[in-house]
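Reviewing the structure listed below.
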Number of protein chains: 2
Amino acid sequence: MASRPTLKTIADQVGVTVSAVSLALRNDLRISQATRERIQQAAKELGYVYNRHAAGLRRGDSGTVAVCLNDLSNPFFTEFLGHMEARFREADRMMLFCHAHETPSIQARFIRQMAEHGAAGLILVPVAGTTREDLDGPQVRHLQDFPLVLISRDVADTGFDRVINDDVLGIRLLFEHLYEAGHRRFAWLGGGGDTSTARDRECSFRQQMDAAGLPVTRDSVHHGPTTLEFGDAMLERLLTMPEPPTAIMCFSDIIAFGVLAACYRHGVRPGVDISVTGFDDMAAAAYSAPALTSVRVRTDLIGQCASELLLSRMAGEQYPPVRKVVPPELVVRASTGPAA
Amino acid sequence: MASRPTLKTIADQVGVTVSAVSLALRNDLRISQATRERIQQAAKELGYVYNRHAAGLRRGDSGTVAVCLNDLSNPFFTEFLGHMEARFREADRMMLFCHAHETPSIQARFIRQMAEHGAAGLILVPVAGTTREDLDGPQVRHLQDFPLVLISRDVADTGFDRVINDDVLGIRLLFEHLYEAGHRRFAWLGGGGDTSTARDRECSFRQQMDAAGLPVTRDSVHHGPTTLEFGDAMLERLLTMPEPPTAIMCFSDIIAFGVLAACYRHGVRPGVDISVTGFDDMAAAAYSAPALTSVRVRTDLIGQCASELLLSRMAGEQYPPVRKVVPPELVVRASTGPAA
DNA sequence: TTACCTAGTTCAATCGATTGAATAAATACA
DNA sequence: TGTATTTATTCAATCGATTGAACTAGGTAA
């Protein structure tokens, strides 16, 4: 296949130099209107495609940003992705995307590669277990002074900007809602991963229990993956207990959906016989059977805030690291009700 | 911030030329082991980051592939994304990502931009209404002989490779399952968009009805968006009909979930009072209340096949356009049962 | 001793676009 | 008419890595 036309091709065609073409295509007024039009016309006819490698090499910016997430099967993260993609498109930035799949080596590789590609900034949901070292150590020297925004999960002791949900508040809202409805026997499901989200939510749960004078026993906290399967399997187990909980608080809506599915099979009526809460308030929460009580994490605000922050850092703005904590909102639906 | 080290920086440090450094970093045997090690050591110490713009400019390949999808809120598409991402990572390709959101202008822009960025190939779920012209016209000359694989949705009369699901078969499997269970009053929900998927599934539904000698009336086909809301709202409407259908076939699991939610509220028992089917068999289908009968679209196979195909085209392999049709599998669950 | 390898390294052109400085041509001003 | 000024375009260096060709020791064979 014939190689693609370049500025040179156009220049020869029109009878000017590459400089003139370069300027004309960017609508620089230094080139006369007439010539500019001839050049632009020729470019169109030749099917010219701008070469950002060449331009980026000279100017030092490729026009891309990098985004690294961990769980595409979780709508919660794809919501983020959507919000950020929209904002970056607006800013005329392309998105280099990585699905790290909770795998440190994939994340590490992506962090290197996006730099090789000249990405101008990085949005990262850090893989579970990510430490300060991973983002700040000698292996990743290039991240120093690099525009990087952490979202959803925090990493302690780093000097990066971060935008996260107020997980402590979220759990408190749910707990208070349940407590006021008379619940006293609670179970906590999920949050197996080594993330700030898992820690903060569980910690908040324990605090609430403490504050309410309720004991946290081995039977009230159950770690596991954020999957439907886990929720489903856990309900089966909880039902066999001598004194099953009356309220089940899940780390994520996903787990809660699994619990609801198991309830349905067992003829246990959520909201009547037992109360179930999720976390995130993904779109499906309003359409589960029954609709799920949850806390709405503002993925829109977090996504927007993170992309704004990144774009401003990319524009070179200097200010101390920002740690933005976005409050979630309690959404009460049919899956919770008064304690039996 | 000090600009990043380049080959020159390393060369000066070690006391060799850039050529030597370039070769050494790629482990070329022409450079002696000793020098190579000194150079690699220096590179590490300096925190050198490879510049793919420069390399790509010279070599003509940036090492990226582009992927353009339309609905991130649909797990069906994110499943694809996951499968392809994995395969491309394996091939050491980065992914330029776009969420076209069923918007032709976004798709068109992305098709231009990914070329500007030197992507070596493109995987595209075409936006609803995409025509031959959009992929083959004078605006997109650069797509000629460009590695491009269409997935999930087909575009007529194009010479591109495509990997799609056998939608006709999928509907037939569902229909036969319902028909054999005694159903005779059917409703079809969804497929509002101008896509091959929507056309093929509805067309197949009509064919099945015809073949079974059942009339397709105004009341049996209802177009709408692929949302939970639509399914929910439609069930409400169907229930008010004098002779409601006994079997509801939905364009997508998403719509079916909406239908199930409405059933739950109304005390209608899916699988007993009414039968409901989805399409795609996303992960959640096994955990809805009740679990949803659907057809499993092999996103794994389609994703793998598409990425293999693309990689082979990118490697320069020549063969006539491939049109791969992957058969789906019927998955019967509790949401369907014998006609009342 | 001379011609000839060979391994190890350097030279210099190259990819395509950008840009500050230089030049040429046209116009304005005195 | 000659000089200053503006306008339109070209020149040439540059970004960072790659690569075929050229060079330079040191070693071998004749």
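Side-chain contact between A/Asn51 and A/Thr6 is absent, with no heavy-atom pair separated by less than 4.5 Å.
In this structure, the CG atom of A/Leu57 is 5 Å from the C1' atom of D/dG16, given to the nearest Å. With rounding to whole Å, A/Glu116 atom CD is found 11 Å from D/dT18 atom P. To the nearest angstrom, C1' of D/dT10 lies 14 Å from CG of A/Leu7. Residue B/Arg30 contributes atom CZ, which lies 12 Å from atom P of C/dT9 at whole-angstrom precision. Between A/Gln33 atom CD and D/dT7 atom P there is a gap of 15 Å when expressed in whole angstrom units. Taking atom CD1 of residue B/Ile31 and atom P of nucleotide C/dT10, one finds them 7 Å apart after rounding to whole Å. As a whole-Å value, the separation of A/Asp61 CG from D/dC15 P is 17 Å. Across the protein-nucleic acid pair, B/Arg58 atom CZ and D/dC15 atom P stand 18 Å apart, rounded to whole Å.
OP1 or OP2 of D/dT9 lies within a sub-4.0 Å distance of a side-chain N or O belonging to A/Ser32. Under 4.0 angstrom from either OP1 or OP2 of C/dG16 there lies no side-chain N or O belonging to A/Thr6. The phosphate of D/dT18 has OP1 or OP2 within less than 4.0 Å of a side-chain N or O from B/Ser22. Put simply, A/Arg26 has a side-chain N or O that comes within less than 4.0 Å of OP1 or OP2 on C/dT18. Put simply, A/Ser19 has no side-chain N or O that comes within less than 4.0 Å of OP1 or OP2 on D/dA12.
Taking the nucleotide of DNA chain C with the nearest heavy atom to each of A/Val18 and B/Gly15, the more 5' of the two is matched to B/Gly15. With the nearest nucleotide of DNA chain D identified for both B/Asn51 and B/Leu23, B/Asn51 has the one nearer the 5' end.
Across all strands shown, A/Val21 has no heavy atoms under 4.0 Å from either base or sugar-phosphate atoms.
Side chains of B/Arg26 and B/Ser22: a donor-acceptor N/O pair is present below 3.5 angstrom, by distance only. In summary, the side chains of B/Asp92 and A/Gln113 do present a donor paired with an acceptor at a separation below 3.5 Å, with no hydrogens or angles considered. For the residue pair A/Glu45 and A/Gln41, a side-chain donor N or O sits within less than 3.5 Å of a side-chain acceptor on the partner.
With a 6.0 Å cutoff to the six-membered ring centre and a 45° limit on the axis angle, A/Arg141 does not count as a cation-pi contact of A/Phe146.
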